[in-house]
Every structure is written in C-alpha cells, then in structure tokens.
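Input: a single structure, listed below in structure tokens.
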Amino acid sequence: MTYPLDKFKNEIISQLKKILSEYECEIRLEISPEGMGDFAFPCFSLAPLVKKSPNDIAESLADKIEKSKWIAKAEANGGYVNFFVDDEYLISSTLRSIFEMKEKYGHLQKKNKKVIIEHTSANPNGPLHVGRARNPIIGDTLVRIFKAAGYDVESQFYLDDMGKQVAILAWGLNNLDSKNVPKSEYDKPDHQNVGFYQAANELMEKDEKVAEEIGEIVKRSEHGESKTIELIHKAYALVLEGINKSLHRINIQIDKYIPESTFVRDKSVEQVINKLKKTKYCHEEDGAFYLDLESFGIQGRNTKFFFLRKDGTTLYATRDVAYHQWKAKHADLLINVLGEDHKLESRQVEIALKLLGTKISPRVLFYAFVSLPGGKMSTRRARVVYLDELLDECIERAYREVEKRRGSELSEGEMKKIAEMVGIGSLRYNIIKVQPEKDIVFRWEEALNFEGNAVPFIQYAHARACSILSKIKDEKRDFDSNTLKHDSEVKLMKQLARFPLFIEDASSGYKPHIIANYLYETASKFNQFYRDCPVLSEKNTMLGKSRITLVDATRIVLNNALELLGISAPEEM
RNA sequence: GGGCGUGUGGCCUAGCAUGGAUAUGGCACUGGCCUUCUAAGCCAGGGGUCGCGGGUUCGAAUCCCGCCACGUCCGCCA
C-alpha cells in the first residue's frame, strides 16, 4: 500500500531526479521544521558538484519544480528547498486512507520475510525483576512494530534448562526444608520458589560439598541422564509458569520457548564443536578447546573463547551457537534483545557463526540495566524490586489518581479497569520511551509520574476523542476537506498522515522509542485541536461533520500506535 | 590494563547512523485559563560552556584524536 505522504514524497523525488539527472547524487528528504514546509531537500552536498552556493541551488531548484495535485509550492530557504503539500488533497486522501484501513492504518506492505525476535530469555530461577524489565518490553514492542512493518514475526524465549542457575534451584528444592527458606507474600510460583534458589546459592558459596553436588547435577543433565533432566524440569517449570503470568499481565505473549537442551539432544552442538575444532583458530589447553579471537579484534586480558570443557561438556555460548544456526535456517532476519552484560558473548557467537559459514548473523539490541539508587539489582542477593511489585504499585497509584478525579462519577469496577490500563501502560511507556542504551536509575516518583510526557496524557487524549464520539448517533463519517482550514486541524491531520513514516523509521532503525515520541506528539496536537475547535457545538454542519471525522481518525491512529506499544486505549478515564 | 556503551538547563529526555534552518520536549519553578465536547488538559515566562580539551570543515550536539566521569564485560559461569 502506498500512503498519501509517500505519493507526495515520490513525486518530489522524481521531479528532483529529472532536474538533477546530470549529477550523481542521492536524493534524501527530511521533514521540515514546523511552519517551514512539509519536506525539505538540503542542497549543501550539491554545492561542490554544481559549483554554486547552496542557496543559489535551492532557488533555481525551487523555480524548476512544477506544481501538481500534491505539490502546492516549493520555496528556497537557507540552502533548503521546502516543499509544501496541497493541504486539502492531503487531508482528503489521508482521511480516506484511515477509514479504509482502520486498525491496519499505518501498517506497511507485506514483505514476505520471516523474523525471529529472541527476547527475555531469563534464567527460570526466580521472578522477573525490574533490572531486566527492559528486555521483554523492548522485545515485545519490536515484535509489534515489525509485524506492522509487514514482516512475519515469531517471538522466542531461549530457555536455559541446563546451566548452573537451574541446577542450584533444583538442588535447593530437593535438599532444603521450606522452614529455612525465606517466604514470599506473593502466591505466584516464581515468588514461592525463588527463596530456595537464594538459600541454596548462599550455601553453595560457603560449603564445597554443596557446590560439588550442584556441579554433579549440571554434568549429569548435560550427559542426558533422564532422572536429572526430569528433576531440573520439575524445578524450573513452576518458576517459568510464574514468569509467563507476569508477561501476560503486561500484554506479552511468547510464541515459542526453546530449551537449550534441544541442541545437546539433537547433537547439533556436537557438530558445532567438530567444525570449530577444524578451524585454524582452534587450540587446546589442558584438554579443553578454545578459539583464539585476537585476530577478530577481540582485546583484553583474555582473547580465548572456550567452547568445550576438559570434561567434554559444552558451554552456554557453544549451545547458543547451535541455537543461532537453527534460527538462521528458519528465518530471513534475526533480532536479539540482550542485556549489555552479553556484549562479549554475543560477539563470540557471531564470530563462531561466521567461521561455520552461517548465512545470517543476529542484529542485537543491547539495553543498559535498570538500577536502584543504591546500585545494581541482583536476584541472588535478594536486592531487587520484582516486576510484579512494580506493577502492583503502578496500578495502585493509578487507582488513587482515578479515584481522586472521577470517584464521584464512576463505580469501583470501572475505576479498577481504568487503573489497570493506566498502570500497565505507564510501565511499558516509561521503559520504551528512552533509548535502550541509556542507564536508568529506578525511582518510584519518576516511574509513577502521571503527568506530562507519560502514558495517561496519551490515553486521556484517546478517551477525550471517544467521549466526543459517544455523544453522536450518526455512525457515518462524512467530511469536506475544504472546511478543515484551522491551523490546529491542519497540523493534526499532517501528524496523522505521518504515522506510516514513523513505523518505517522505527522498524528499519530498530528504534521502538520513536513510536512513543510519535504518540506524545499526536496526543499533544489533538489537545491543541480540542482547545481551538469545538466539535459538537459547531453550527456549520459540514464543518462539524468534518471535525467529527477528524476526531474519529485521531482515535484510530492513537489506538493503532498504542497497540504497537502493547498499551490499552481506554474509552473513558 | 583493554573492549563496548553512556554523558544535552536543578532532574529526565529528543536530535548523533546521513554535519546545515532559532538545540526537542517533559518534570520542577513563576504567572494566566474550567457557566463551552473530561483541567490526567491548554497558554505564557525564566533557566543551556550539548562532560572537558584539541582537530577537520564555510559550518560540529552530530565526524576524528586525547582526557575525565559513570555503567558493563574481559570465568573450562550463564
């Protein structure tokens, strides 16, 4: 599908190409600053080719641009050519596009490409905590954005069912008396069981015998001993169920859980090892094998990437290589969302994949941890805020806000419903609105701020639109684009027209926070329209109808964009 | 010691890939707007050496070099 602004853009580009056909240059348009036009063409890079000043070039280009149904005018300004779209034509074609496509408006052409997005992949030894909360939220938002961008998307949770962490949990569950284990006030199985992990971990650090027993569990599971595998499976299954419930609460659905053991069982790890051993970078040390990665630009104290222990068992990264080979066979594009602590491991896997001739390397999004004002969170040391706790607090705070404002009008049930949407939305929005690489220090006051650039602002705009629409009986949406002349109307319309461009940018640049910014801008422009343009009391019937249509179009776009972030759009709040 | 990332008004943040038009917005602060579609809103105002120092360029928040601070990693852990 081609959206109105794409058509406008294409026409500008084709005209510029014709005019500039004698020069070798790439034609790239920017969005003009507000009030200066719709798209801008910078002429600076052309200056040395044409041997004229950017401003002169811009002026002569502006002169040569022909007006059309799309292009209302072209104007030179400070080395740029600013293109003005024909407002009336853009408004009518955008409104038609929105009502034609409804909940699909903004979505891009099907690409017939499969993407596997791996995210969360948390050790199933305890509940999800806020330190890593960015992972599922960034991951799920990417899933939604890539679906909208026309990809066939599958989300995967790589399940560590072989390592030390689950072995510690299994040992704890089987050897500790629940009396000696700290209790959780939460009913959920992940919270109920994490104490066993914490207590066992503490013992292991003090007592060598315990450490040995746990090491034994790891070894036996890797050798495929079914009793041990069963023991581990039973231990983490409950925790995983709890994790899954937490994810559901924040509107996240994982398509597939892929256990690490899969690749040991089907011998693909063994093949990886055999092939890696044959490369010229492979060396042996004390019976263990490693790749020397120095020539790949890996620096530091140790450039050795061990992939096989001297006891013949594999390592996490080795199994990860096998997993990625498998993924590469089933997709055209791989995306991983990982904590920044995985940077080196990820690089090792990437190099190994190259050595093995794997066609696709994953595109990895690293995120910085969320820390507490005093430092880093740790499940092991029980110095954490769990995701469930944060969520409860968000919802409770939201409830108090709703009650304060609407307590006299709404029932408790209605308020609870709204609080749920606002609380969960707040968490997702606050996390997604900043770039993943930025450190976040978690402070309750900031996380639960409900004013300004925060999710209630956006949801409130949506609710306002719904409130207006609920007062109208006529379901038919009629408009005359000629009547929508007010500055606030035109700015809002153009913002709605730009939605597909933002989906394109967010997906091609792997930048989910772009959608959050877009939503904020859209809600803000709607609020300005709301201030300037009465809808229900408008006497001129055609203008009134057109405004109703614009309100409905805004509602659709806000709803679609919120959907991309996995945030509910309340009809009332 | 080395690698990677981050550093933008008191606090948070956009822009950095592809150098270019007055550095984006929010919180907090000051003042104004509810007899009109929900004031979780709107308008106005003050507040900036874009970490520091060099360089490239007609032009640098953006590119290059050096330094500083914070985060993260440098296990036959995951």
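Note that the structure is a prediction, hence the values are computed from the model and not measured. Labels below follow one simple rule: chain letters A, B, ... track the order of the sequence lines, proteins then strands, and each chain is numbered from 1.
The distance between atom NE2 of A:H462 and atom P of B:G41, rounded to the nearest whole Å, is 17 Å. As rounded to whole Å, 13 Å separates atom C1' of B:C73 from atom CG of A:L338. For the pair A:M36 CE and B:U22 P, the interatomic distance rounds to 8 Å; values are reported in whole Å. Whole-Å rounding puts the A:N453 CG to B:C42 P distance at 11 Å. Atom pair A:I515:CD1 and B:U13:P shows a separation of 20 Å (rounding to whole Å applied). Atom CD of A:Q348 and atom P of B:C4 are 15 Å apart (whole Å). Rounded to a whole Å, the CD1 atom of A:I432 is 22 Å from the P atom of B:G26. A:R347 has its CZ atom 16 Å from the P atom of B:C74, to the nearest Å.
The residue A:V402 sits close to a base: some heavy atom pair falls under 4.0 Å. Among the protein residues, A:E260 comes within range of the sugar-phosphate backbone only, with heavy atoms under 4.0 Å from sugar or phosphate atoms but none that close to a base. Within 4.0 Å (heavy atoms only), A:D311 reaches no atom of the nucleic acid at all. Residue A:K471 is in sugar-phosphate contact alone, with no base atom involved, counting any heavy-atom pair closer than 4.0 Å across all strands shown. Note on A:G78: nothing from the nucleic acid sits closer than 4.0 angstrom, heavy atoms only. In this structure, A:A40 reaches the bases: a heavy-atom distance under 4.0 Å links it to at least one base atom across the strands shown. Using a 4.0 Å heavy-atom criterion, one finds that A:A317 contacts no nucleic acid atom at all. A:P33 comes within contact range of at least one nucleobase, with a heavy-atom separation under 4.0 Å. Residue-level contact check: A:Q459 touches neither bases nor backbone, having no heavy atom under 4.0 Å from any strand. If you check every strand for non-hydrogen atoms under 4.0 Å, A:F457 touches sugar and phosphate atoms only.
Ring planes of A:H342 and A:Y316: perpendicular class, angle over 60° (limits at 30 and 60°). Between A:Y367 and A:F369, the ring-plane angle classifies as perpendicular under the 30° and 60° cut-offs.
Under the 90° criterion around 0 for the glycosidic angle, B:C58 counts as anti.
Shown here, B:G1 forms a base pair with B:C74; the pair counts as Watson-Crick or G-U wobble because both key distances fall under 3.5 Å. When Watson-Crick and G-U wobble pairs are counted only if both distances are under 3.5 Å, B:C27 pairs with B:G10. Pair assignment for B:G41: B:C33, on the basis of Watson-Crick or G-U wobble contacts that are both within less than 3.5 Å.
When the nearest nucleotides of RNA chain B are assigned to A:G297 and A:E521 by heavy-atom distance, the more 5′-ward of the two goes with A:G297. The residue among A:T303 and A:E571 whose nearest nucleotide of RNA chain B lies closer to the 5′ end is A:E571.
A:Q165 has no side-chain polar atom (N or O) that falls below the 4.0 Å cut-off from OP1 or OP2 of B:C77. Residue A:R319 has a polar side-chain atom (N or O) positioned under 4.0 Å from OP1 or OP2 of B:A78. Residue A:R309 has a polar side-chain atom (N or O) positioned under 4.0 Å from OP1 or OP2 of B:C77. Put simply, A:R464 has a side-chain N or O that comes within less than 4.0 Å of OP1 or OP2 on B:A39. Between A:N527 and B:C42, a side-chain N or O to OP1/OP2 separation shorter than 4.0 Å is present.
Applying the 5.5 angstrom centroid cut-off and the 30 degree plane-angle cut-off, the aromatic ring of A:F306 is not stacked upon the base of B:G75.
Of the candidates B:A28, B:A21, B:G25, the closest approach to any side-chain atom of A:E451 belongs to B:A28. Residue A:L315 places its side chain closer to B:C77 than to any other of B:C37, B:C77, B:C70. Comparing B:A21, B:A14, B:C73 by their nearest atom to the side chain of A:H513 picks out B:A14. You'll find that the side chain of A:Q528 is closest to B:C43, out of B:C43, B:A78, B:A21. Picking from B:C77, B:C42, B:G5 the nucleotide with the shortest atom distance to the side chain of A:S524 gives B:C42. If you check B:A21, B:A40, B:C74 against the side chain of A:R405, the one that comes closest is B:A40. Closest to the side chain of A:A288, out of B:G71, B:C76, B:G15, is B:C76. You'll find that the side chain of A:V434 is closest to B:A14, out of B:C73, B:A14, B:C16. Among the nucleotides B:A40, B:C16, B:C73, the one closest to any side-chain atom of A:Q435 is B:C16. The side chain of A:K438 sits closest to B:U13 out of B:G26, B:U13, B:G75.
For A:F83 and A:F39, the ring centers are positioned 6.0 Å apart or more. Between A:F450 and A:F457, the distance from one ring center to the other does not fall under 6.0 angstrom.
Side-chain contact check for A:N82 and A:S32: at least one donor-acceptor pair (N or O, by modelled atom type) lies under 3.5 Å. Using a 3.5 Å distance cut-off with no hydrogens or angles, the side chains of A:D311 and A:T313 do pair a donor with an acceptor. No donor-acceptor contact under 3.5 angstrom links the side chains of A:K545 and A:T549, judged on distance only. A donor and an acceptor atom, one from each side chain of A:T483 and A:S546, are located under 3.5 Å apart. In this structure, a donor-acceptor pair under 3.5 Å is present between the side chains of A:Y197 and A:Q165. Between the side chains of A:Q495 and A:T522, a donor-acceptor pair is found at a separation under 3.5 Å. Looking only at atom types and distance, the side chain of A:N453 has a donor-acceptor partner in the side chain of A:Y429 under 3.5 Å away.
A heavy atom closer than 4.0 Å to some atom of RNA chain B occurs in A:Y530, A:R531, A:C533, A:P534, A:V535, A:L536, these being the qualifying members of residues 529-541 of chain A.
Taking the P atom of each, B:G20 and B:A60 are spaced 11 Å apart, rounded to whole Å. Comparing B:C43 with B:G7, their C1' atoms are spaced 34 Å from each other, to the whole Å. Distance check on atom C1': B:C74 versus B:A28 gives 42 Å, rounded to whole Å. Rounded to the nearest Å, the gap between the C1' atom of B:C37 and that of B:G32 is 23 Å. Going from the P atom of B:C42 to that of B:U57 covers 47 Å, rounded to whole Å. When the C1' atom is used for both B:C68 and B:G53, the distance is 10 Å, rounded to whole Å.
A heavy-atom distance below 4.5 Å is not found between the side chains of A:K511 and A:Q435.
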